[in-house]
Amino acid sequence: MRLFLKDLCLLFKTQSERACRHDRLRHLTRVALPGTLPGKGVWSGVEARGKATRFPAARDLCVRPRSLAAPGCMAHVFVYGTLKTGQPNHRVLLESAHGRAVFRGWGRTVEPYPLVIAGQRNIPRLLNLPGQGRRVAGEVYAVDEQMLRFLDEFEGCPDMYQRTRVTVAVEGAGGTLQCFVYSTATYPPEWVHLPYHDDYDSQGEHGLRYSPRESR
């Protein structure tokens, strides 16, 4: 039985890695991230000038999950923007065709992050700059392998967002959880200077109402 589960885990691990296939990022400028070694930064969303044409693989910015092969095994995902309850894209978490998502509670990031609203469509973006900004409020969901794959595609991982890990303090649970989060390390530098938010609402007082993408 143990050998069977081991083989099954290896199978799902391979499938999970294939599900997050990524092309290389182009026309980007390198920026340092906290905790990265010299020369191991990532590329921000600014056109490079005079830079070498070799770029880091975008897949390096997207954390792979542990295998979810065991029956009933779920991964925790922290949502802070349009996927929250009452927000424009929450419905995708309720679609059984996308997989399974179970609400686990409300929470806040243990570390502060810059949560900004940016771009022509007024999209909420959690910049991957731990230690700056505010402790961000959101919801924790347990998702299965199928839903995680769907969310990778829905969030444009890794070109638009990168799936990384964040520590979340869960309300009423008296503890923290390690969760996946769709943050971004690739952004125009001026985004760092936009107003920071701690609890996103698409119809909030900021007046920057989210504009849904066109149907694909």
Participant: Nearest 0.5 angstrom please: Arg125 CZ to Thr186 OG1, how far?
Facilitator: 7.0 Å
Participant: Evaluate the side-chain contact (heavy atoms from CB on, under 4.5 Å) criterion for residues His90 and Leu83: first the C-alpha distance (whole Å), next the side-chain angles of each, then the deciding distance (0.1 Å), finally the verdict.
Facilitator: CA-CA 4 Å; His90 179 67; Leu83 290 174; 5.7 Å; no
Participant: Which pair of heavy atoms, one from Tyr161 and one from Tyr80, lies closest together, and at what distance?
Facilitator: CE2-OH, 3.5 Å
Participant: Under the 3.5 angstrom rule, does the side chain of His206 hit a backbone N or O of Asp201 as a donor-acceptor pair?
Facilitator: yes
Participant: Which heavy atom of Ala137 sits nearest a heavy atom of Phe78, and at what distance?
Facilitator: C-CZ, 3.8 Å
Participant: Donor-acceptor pairs under 3.5 angstrom involving side-chain atoms of residues 103-117: please list them, not counting sequence neighbours.
Facilitator:
residue : atom : partner : partner atom : Å
Arg108  : NH1  : Arg135  : O            : 3.0
Thr109  : OG1  : Glu111  : O            : 2.6
Thr109  : OG1  : Val136  : N            : 3.0

Participant: With distance as the sole criterion, is a donor-acceptor pair present between the side chains of Thr176 and Thr167 under 3.5 Å?
Facilitator: no
Participant: Nearest 0.5 Å, what's the NE2-CE distance between His98 and Met147?
Facilitator: 7.0 Å
Participant: Do Asp152 and Tyr182 come within less than 4.5 Å of each other through their side chains, counting heavy atoms only?
Facilitator: yes
Participant: Within a strict 4.5 Å, meaning less than it, do heavy atoms of the Leu129 and Tyr187 side chains meet?
Facilitator: yes
Participant: Donor-acceptor pair, distance only, cut-off 3.5 Å: does the side chain of Tyr210 make one with the backbone of Gln203?
Facilitator: no
Participant: Keeping the roles fixed (side chain from Gln87, backbone from Ser202), state whether a donor-acceptor pair exists under 3.5 Å.
Facilitator: yes
Participant: Taking Gln146 for its side chain and Ala97 for its backbone only, find out whether a donor-acceptor pair lies under 3.5 Å.
Facilitator: yes
Participant: Which pair of heavy atoms, one from Asp199 and one from Lys84, lies closest together, and at what distance?
Facilitator: OD1-NZ, 2.8 Å
Participant: Is the shortest heavy-atom distance from the side chain of Glu153 to the side chain of Arg149 under 4.5 Å?
Facilitator: no
Participant: Enter the distance from Leu93:CG to Thr85:OG1 here, rounded to the nearest 0.5 Å.
Facilitator: 8.5 Å
Participant: So, the side chain of Asn89 versus the backbone of Thr82: is there a donor-acceptor pair under 3.5 Å, distance only?
Facilitator: no
Participant: May I ask you to establish whether Arg134 and Tyr196 are in a cation-pi arrangement, using a distance under 6.0 Å from NZ or CZ to the six-membered ring centre and at most 45° from the ring axis?
Facilitator: no
Participant: Test your reading of the model: is there a side-chain donor-acceptor pair from Gln162 to the backbone of Pro158, 3.5 Å cut-off?
Facilitator: yes
Participant: If you look at every heavy atom in Ala118 and Trp191, which pair is closest and at what distance?
Facilitator: CB-CE2, 3.4 Å
Participant: State, to 0.1 Å, how close His76 and Val140 come at their nearest heavy-atom pair, and which atoms those are.
Facilitator: CD2-CG1, 3.9 Å
Participant: Give the C-alpha distance, both sets of side-chain angles, the deciding distance and a yes or no for side-chain contact (heavy atoms from CB on, under 4.5 Å) between Leu127 and Gln132.
Facilitator: CA-CA 9 Å; Leu127 307 186; Gln132 299 187 34; over 6 Å; no
